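Step one of this worksheet: look at the structure below.
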Amino acid sequence: MRALWVVLVCLATPLFAAEWDVPVHPGAIGETLDRAAQGDTLRLRPGTYTETVVLDRPIRLEGRAGTVIDGQGQGSVITVTAPGVYVGGIKVVGSGSSHETIDSGIKLTEGAVGAEIRDNTLVENLYGIDIHGARDALVAGNRIVGRQDRRVNDRGNGVYVWNAPGAVVEDNDIQFGRDGIFVNSSKKNIFRNNLFRDLRFAVHYMYANNSEVTGNTSIGNDLGYAVMFSKRVKVADNISIGDREHGVMMNYANNSEITGNYVRGTKEKCAFLYNSNKNIFTGNHFEGCGIGIHFTAGSDGNRIVGNAFIGNRTQVKYVSTRWVEWSEDGSGNFWSDLAAYDLNGDGVSDVPFRPNDSMDHVLWTQPAAKLLLGSPAVQLVRWSQSAFPALLPGGVIDSYPLMQPPELTTNGKEISHDP
């Protein structure tokens, strides 16, 4: 679709587009735009342009090292309303502070179809880049640093995507602000190979179907990848390191694929599912978290196979009176706390694994019972369940645990483990 818009813009562009050398003084960009035709290129000199800019025809706005556009706290610094616009190589600063008007460093409106925003630096703006209805936009290679002068929830997002089918956000470095990428009421979006740090959520999905989040890295955020009220989302080959609450969270998210992700060192949960159904979890490594994976609120029909659960304080939290099988076709998951043996050498444990017992269920529902953990009665209950599995209350069973964690390649880098 984006290629089609590029062709249409080229057909409407004069054969001999002009190039404009824009001098540095207040209002110079606007003055040049008044004389420029569609298809022209405006080359900005090093220096600071103190103005806000509206690009209302297909134009290339190109900066050089040291080029700055400063909106001086007034609305959005650059607003794009026309298709086929390119903005690149510019430092954009000084948007307004209104959430109502979504004051941004760069705003792409509904008319900005096929816009390309590449290799810019955006700092001291309420929102970094707002893709507001612009179909098939590309936001790539930008450095976005959000404001820190408000509480986290009162800040703007690095990239905000609203009702912008086909938008691609890739290879950006996003730090501070509220969420790295927040998408709402959109579809068919791609968010890949971005770096997120010091944020609330790295990627935050709301009502966004048929999209993908691939190859991203989340470091030290409150939450890595949150998929909410969405269907058919691919969350693949991402990294979450040291995020505080959850590495991957699925909330009312269905029919999605979560594969090849590496989550390590999350204080609370590597993965959390709340009323999320018929999802596929395969090839993920959940390591060193408070809980490896937590299922609750009726999450059902999820396929969990070929994953590695390594060194989590609690590998699985799932309360049920029935057994849920986490293996298929003679192959399950790897569990670092399983004292397994493999007499025939086929790489699969000769005994099944049940990550939770009845005492776990008691402790989850009655936290005060932790005071009794060291008592002989608790030890007797746990010994009895290990000797007589029929006494177990239900929950997760992996009938064919793996003897070694599956190999993991994320973001093109092979990650090895020593369990």
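The structure presented is a predicted model; accordingly, all values stated were derived computationally and were not measured.
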Checklist entry - What do the steps show when you test R143 against Q175 for side chain to side chain donor-acceptor pair (under 3.5 Å), and what is the final call? => result CA-CA 8 Å; R143 170 83 168 111; Q175 186 177 22; 3.0 Å; yes
Item to check | Check against side-chain contact (heavy atoms from CB on, under 4.5 Å), D173 and R197 | outcome: CA-CA 8 Å; D173 182 344; R197 295 168 292 162; 2.8 Å; yes
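- In terms of the salt bridge (charged side-chain N to carboxylate O under 4.0 Å, His left out) criterion, K269 has no residue partners (sequence neighbours excluded).
- A salt bridge is absent between R303 and D329; no separation between the charged side-chain nitrogens and carboxylate oxygens falls under 4.0 Å.
- Using cut-offs of 30° and 60° for the angle between ring planes, the Y318 and F295 rings count as perpendicular.
- Side-chain atoms of E245 never come within 3.5 Å of backbone atoms of E268 as a donor-acceptor pair (strictly under, hydrogens ignored).
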Next on the checklist: What verdict does the side chain to side chain donor-acceptor pair (under 3.5 Å) test give for N209 and R232, after you've listed the backbone C-alpha separation in whole Å, the side-chain angles of each residue and the deciding distance to 0.1 Å?
Outcome noted: CA-CA 6 Å; N209 302 329; R232 295 179 296 277; 5.6 Å; no
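- With rounding to the nearest 0.5 Å, the separation of CE in M206 from CE in M228 is 6.5 Å.
- Atoms NE2 and CZ, from H285 and F334 in turn, are 9.0 Å apart once rounded to the nearest 0.5 Å.
- When only modelled atom types and interatomic distance are considered, N189 and S186 share a side-chain donor-acceptor pair under 3.5 Å.
- A donor atom on one side chain and an acceptor atom on the other are found under 3.5 Å apart for E325 and S327.
- A heavy-atom distance below 4.5 Å is not found between the side chains of V169 and I129.
- The aromatic rings of F201 and H204 sit perpendicular to each other, their planes meeting at more than 60°, with 30° as the lower class boundary.
- E170 and R192 are joined by a salt bridge, as a carboxylate oxygen and a charged side-chain nitrogen come within less than 4.0 angstrom of each other.
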Checklist entry - Given the rule in the side-chain contact (heavy atoms from CB on, under 4.5 Å) test, do F281 and L273 qualify, once you have shown the distances and angles that lead to the verdict? => result CA-CA 11 Å; F281 280 74; L273 274 76; 3.3 Å; yes
Next on the checklist: With side-chain contact (heavy atoms from CB on, under 4.5 Å) as the criterion, how do S95 and K107 come out once you've worked through the C-alpha distance, each side chain's angles and the decisive distance to 0.1 Å?
Outcome noted: CA-CA 11 Å; S95 81; K107 178 187 290 290; over 6 Å; no
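- Going from atom CZ of R135 over to atom CG of L108 covers 13.0 Å, rounded to the nearest 0.5 Å.
- Relative ring orientation between F309 and W335 is described as parallel, the plane-to-plane angle staying below 30° on a 0-90° scale split at 30° and 60°.
- Aromatic ring centroids of Y127 and H99 lie under 6.0 Å apart.
- In this structure, Y252 and F229 have parallel ring planes: the angle between them is below the 30° cut-off, well short of the 60° mark.
- Just one of D179, D222, D154 meets the salt bridge (Lys or Arg N to Asp or Glu O under 4.0 Å) condition when paired with R200; it is D179.
- E328 CD: more than 12 foreign heavy atoms inside a 6.0 Å radius.
- One side chain, S98 or T101, offers a donor N or O that lies under 3.5 Å from an acceptor on the other.
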